[in-house]
Amino acid sequence: MKLSVFSIDGVAYPGVNVVSLKRSFSVLDGSNAGRTMDGAMQRDIIGTYYNYSLEIASDFSSPEEYDALYEVLSSPENSHTLVIPYAQETLTFQAYVANGEDELFHIYSGLNKWDGLSINFIAMKPQRRPA
């Protein structure tokens, strides 16, 4: 049985081949941040946002799941519920799909084989706030 690396809106995709999963963080400031007259930085921290990028290969991927995932990711939705690895557990949060792309690898017996699907997920709100 193949395990799914992630799920979107409660749907797992064990039939897609995740070849890269990258996470990043941004500690964002509000409008009161900036340099004071003496050159010191004054922070107005809103919180820490965790964002992810994902790359999926068509090799060893189910064409049906690959296509279904593409449709979900490219849908004009405000956000999705993402469950994804974080530390030694998973993180569940609302994220929007900033962008995505793949390319046509080949056409064989009426089957369009797409490859290299890459997606960027951006957190809707901070997962951590200042104490």
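Source: prediction; values computed, not measured.
Contacts of Asn78 classified as side-chain hydrogen bond (donor to acceptor under 3.5 Å, both in side chains), with partners at least two apart in sequence or in another chain: none. By the side-chain contact (heavy atoms from CB on, under 4.5 Å) test, Lys125 pairs with no residue at all, sequence neighbours left out. Scored by the salt bridge (charged side-chain N to carboxylate O under 4.0 Å, His left out) test, Arg128 finds no partners at all (sequence neighbours excluded). Not a single side-chain hydrogen bond (donor to acceptor under 3.5 Å, both in side chains) links Asn17 to another residue, sequence neighbours left out. For Ser75, the side-chain hydrogen bond (donor to acceptor under 3.5 Å, both in side chains) criterion is met by no residue, not counting sequence neighbours. Annotation: salt bridge (charged side-chain N to carboxylate O under 4.0 Å, His left out) contacts of Asp67 (sequence neighbours excluded): none.
For the atom pair CD of Glu64 and OH of Tyr13, the computed distance is 13.5 Å after rounding to the nearest 0.5 Å. One distance of note links CD of Glu55 with CG of Asp102; it measures 10.5 Å at 0.5 Å rounding. Going from atom OH of Tyr52 over to atom OG of Ser24 covers 9.0 Å, rounded to the nearest 0.5 Å.
Of the possible polar contacts, one joining the Ser62 side chain to the Glu65 backbone as a donor-acceptor pair under 3.5 Å is found.
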Using distance only, find each side-chain donor-acceptor pair of residues 82-95 under 3.5 Å and give its atom names and separation, not counting sequence neighbours.
residue : atom : partner : partner atom : Å
Tyr86   : OH   : Tyr50   : OH           : 3.2
Gln94   : OE1  : Thr81   : OG1          : 2.4
Gln94   : NE2  : Ser79   : OG           : 2.8

List, one per line, each side-chain donor-acceptor pair under 3.5 Å for residues 26-35, sequence neighbours excluded.
residue : atom : partner : partner atom : Å
Asp29   : OD1  : Arg43   : NE           : 3.0
Asp29   : OD1  : Asp44   : N            : 3.2
Asp29   : OD2  : Arg43   : NE           : 3.0
Asp29   : OD2  : Arg43   : NH2          : 3.3
Arg35   : NH1  : Gly39   : O            : 3.1

Going by atom type alone, with no hydrogens or angles, which donor-acceptor pairs under 3.5 Å involve a side-chain atom of residues 104-120 and a protein atom two or more places apart or on another chain?
residue : atom : partner : partner atom : Å
Asp115  : OD1  : Ser58   : N            : 2.7
Asp115  : OD1  : Ser58   : OG           : 3.2
Asn120  : ND2  : Asn99   : OD1          : 2.6

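Residues Val72 and Val5 share a hydrophobic cluster, clusters being chains of Ile/Leu/Val/Met/Phe/Trp/Tyr side chains in contact below 4.5 Å. Hydrophobic clustering keeps Met124 apart from Ile8 (ILVMFWY residues linked when any side-chain heavy atoms are closer than 4.5 Å, directly or through intermediates). When the side chains of ILVMFWY residues are joined at heavy-atom separations under 4.5 Å, either directly or via intervening members, Phe25 and Tyr96 end up in two distinct hydrophobic clusters. Note: the hydrophobic cluster containing Val16 also contains Val97 (ILVMFWY, side chain heavy atoms under 4.5 Å, direct or indirect links). Cluster membership check: Leu21 shares its hydrophobic cluster with Tyr66, using side-chain heavy-atom separations under 4.5 Å among Ile, Leu, Val, Met, Phe, Trp and Tyr.
Looking only at side-chain heavy atoms (C-beta outward), Leu73 and Phe121 come within less than 4.5 Å of each other. With contacts defined as side-chain heavy-atom distances shorter than 4.5 Å, the pair Asp9/Glu77 does not qualify.
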task: Apply side chain to side chain contact (heavy atoms under 4.5 Å, CB included) to the pair Phe6 and Val11, showing each step before the final yes or no.
output: CA-CA 9 Å; Phe6 65 96; Val11 177; over 6 Å; no
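Annotation for Pro130 and Gly47: closest pair CD-CA, 4.3 Å, computed over non-hydrogen atoms.
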